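Written below as structure tokens is the structure these notes are about.
A quick note: this is a predicted structure, and the numbers were derived from the prediction, not measured. Values reported hereafter were calculated over all heavy atoms of this structure, with side chains retained and with hydrogens, waters and symmetry mates removed. So you know, we letter chains A, B, ... as the sequences are listed, proteins then strands, and number each from 1.
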Number of protein chains: 2
Amino acid sequence: MLKLSKLTDYAVVALVRLGQKNEVTTSPVLSRSTGIPEPTVAKVLKILATQGIVTSQRGARGGYRLAHPLEEISIASVIQAIDGPISLTTCVDGGDCDARSTCGLGGQWDMVNAAIRNALSAITLADMKNHTVIDRLGGLQAPSMPSGPAATA
Amino acid sequence: MLKLSKLTDYAVVALVRLGQKNEVTTSPVLSRSTGIPEPTVAKVLKILATQGIVTSQRGARGGYRLAHPLEEISIASVIQAIDGPISLTTCVDGGDCDARSTCGLGGQWDMVNAAIRNALSAITLADMKNHTVIDRLGGLQAPSMPSGPAATA
DNA sequence: GCTAATTGGACCGGAACAGTACTGTTTCCT
DNA sequence: AGGAAACAGTACTGTTCCGGTCCAATTAGC
Ligand code: FES
Ligand code: FES
């Protein structure tokens with residue numbers, strides 16, 4: 001349904017919360033503070049650690065800390081860390097599409113895909129925290145639409 | 001992975017092909033012309049028919065025809081017809097998110113979701129056919145990005 | 001050196017999707 | 001009228017992927 005996994009949603013919440021208290025934080029603490037189930041938030045942080053979004057400190061008195069400030073972490077990077085690369089269709093980036101030769105849509109999906117990716121890259125976690133997403137998206141509505149699409153609902 | 005289902009990909013290909021020959025076309029013909037397996041393309045067209053994207057003519061010499069010109073069919077409408085509504089996270093539109101009260105991201109996802117939806121609504125199947133997607137997306141890149149996000153890869 | 005705390009990685013169950021098959025209904029052509 | 005062609009709807013099956021759980025590796029502190 002063009003939806004991203006629930007893990008990604010959790011990741012954003014956890015990261016924003018991590019950015020508010022700028023110190024090493026453990027999974028249980030983050031779980032209590034966000035309301036996300038403890039095992040789940042732990043898993044999310046584990047993945048984020050492997051992707052370099054957060055740095056981890058093992059052992060007692062360990063925990064997680066942001067690798068970059070919130071302003072430098074884009075939504076896209078979080079999505080790609082959890083859900084994998086942003087690829088609307090299988091045929092972007094030379095995917096193994098069955099109807100490659102006959103479809104006639106050569107590479108147009110790549111454009112759409114890149115547009116989505118750019119939009120998501122422009123939004124940072126700081127925007128999510130400060131509720132300033134709308135500012136960044138000001139130019140996102142299609143600029144010129146001569147013959148308005150009808151079947152949009 | 002923020003990917004839309006393969007059926008949607010097929011639907012776009014089939015619809016563009018349908019728009020090229022502006023006459024009633026059968027599933028087998030469309031299958032041969034697009035390279036999509038016959039049962040699959042049939043299933044896709046059936047769904048599109050129920051959603052009013054195409055009109056169907058039953059019986060011998062029957063087939064499918066576009067209900068609207070290509071210029072009036074947006075990518076978003078096709079996606080919604082096949083994959084259901086565009087909802088990035090479960091918490092858009094009053095979803096049953098577990099951490100609603102504690103997450104602190106009140107409604108920001110709705111903004112992001114709406115942006116994606118608007119972008120996809122601005123692209124029509126005619127743009128896909130004519131390879132003019134890039135034109136429509138010219139204003140999609142975020143306008144101002146003072147402190148560029150670093151972790152974008 | 002031992003214990004406790006915490007991350008790291010592997011495992012498993014279940015839901016959603018893609019694809020297939022079958023039956024029924026409608027329409028055209030002979 | 002009869003048969004063939006094509007859509008409509010439903011049901012089924014195999015597979016993939018997400019979500020969650022469990023145990024092993026690692027480090028700080030006493
Ligand atoms: S290459 Fe995938 S549909 Fe054209
Ligand atoms: S409402 Fe879903 S994460 Fe905040």
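Using a distance-only test at 3.5 Å, with no hydrogens or angles considered, a donor-acceptor pair links the side chain of A:N130 to the main chain of A:A126. With hydrogens and angles ignored, the 3.5 Å screen pairs a side-chain donor or acceptor of B:S31 with a backbone N or O of B:I36.
When the P atom of C:dA18 is taken as reference, atom CG of B:D9 falls 11 Å away, rounded to whole Å. Look at CG on B:L4: it is 19 Å from P on C:dA16, rounded to the nearest Å. Between A:E38 atom CD and D:dG19 atom P the separation is 19 Å, expressed in whole Å. D:dA6 atom C1' lies 15 Å from atom CZ of B:R65, rounded to whole Å. Atom CD1 of A:I47 and atom C1' of D:dT21 are 14 Å apart (whole Å). For A:K6 and C:dA16, the NZ to C1' distance is 14 Å, given to the nearest whole Å.
The shortest distance between the side-chain N/O atoms of A:T40 and the OP1/OP2 oxygens of D:dG19 is not below 4.0 Å. Side-chain nitrogen and oxygen atoms of A:Y10 include none within less than 4.0 Å of the OP1 or OP2 phosphate oxygen of D:dG20. Remark: A:S27 is in phosphate contact with C:dT7, judged by side-chain N or O atoms under 4.0 Å from OP1 or OP2. Dashed line: the shortest gap from a side-chain N or O of A:S56 to OP1 or OP2 of C:dT6 is not under 4.0 Å. Residue B:S5 places at least one side-chain N or O under 4.0 Å from the OP1 or OP2 atom of C:dA18.
For the pair B:I116 and B:L88, the tightest heavy-atom approach, listed with the atom from each and the gap, is CG1-CD1, 4.3 Å. What you find for B:I86 and B:A76 is that their closest heavy atoms are CD1-CB, 4.4 Å. Taking each heavy atom of A:T89 and B:L4 in turn, the nearest pair found is CG2-CD1, 3.7 Å. Contact between A:M128 and A:V12 at its shortest, heavy atoms only, is CE-CG1, 4.2 Å.
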Please list, for nucleotides 28-30 of chain D, all pairs of protein and nucleotide N/O atoms separated by less than 3.5 Å.
from: D:dA28; atom 1: O4'; to: A:A60; atom 2: O; distance (Å): 3.2

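Taken to the nearest 0.5 Å, the CG atom of B:D9 stands 6.0 Å off from the CH2 atom of A:W109. Here the straight-line distance linking atom OG1 of B:T8 with atom CG of A:L2 works out to 8.5 Å at 0.5 Å rounding.
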Hey, can you pull the donor-acceptor pairs under 3.5 Å for the side chains in residues 44-66 of chain B, sequence neighbours left out?
from: B:T50; atom 1: OG1; to: B:I47; atom 2: O; distance (Å): 2.6
from: B:T55; atom 1: OG1; to: B:R65; atom 2: O; distance (Å): 3.4

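Residue A:L7 is in sugar-phosphate contact alone, with no base atom involved, counting any heavy-atom pair closer than 4.0 Å across all strands shown.
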Quiz item: Once each nucleotide of nucleotides 9-14 of chain D is scored for protein heavy atoms under 4.0 Å, what B/S/- sequence comes out, 5' to 3'?
Solution: B-----

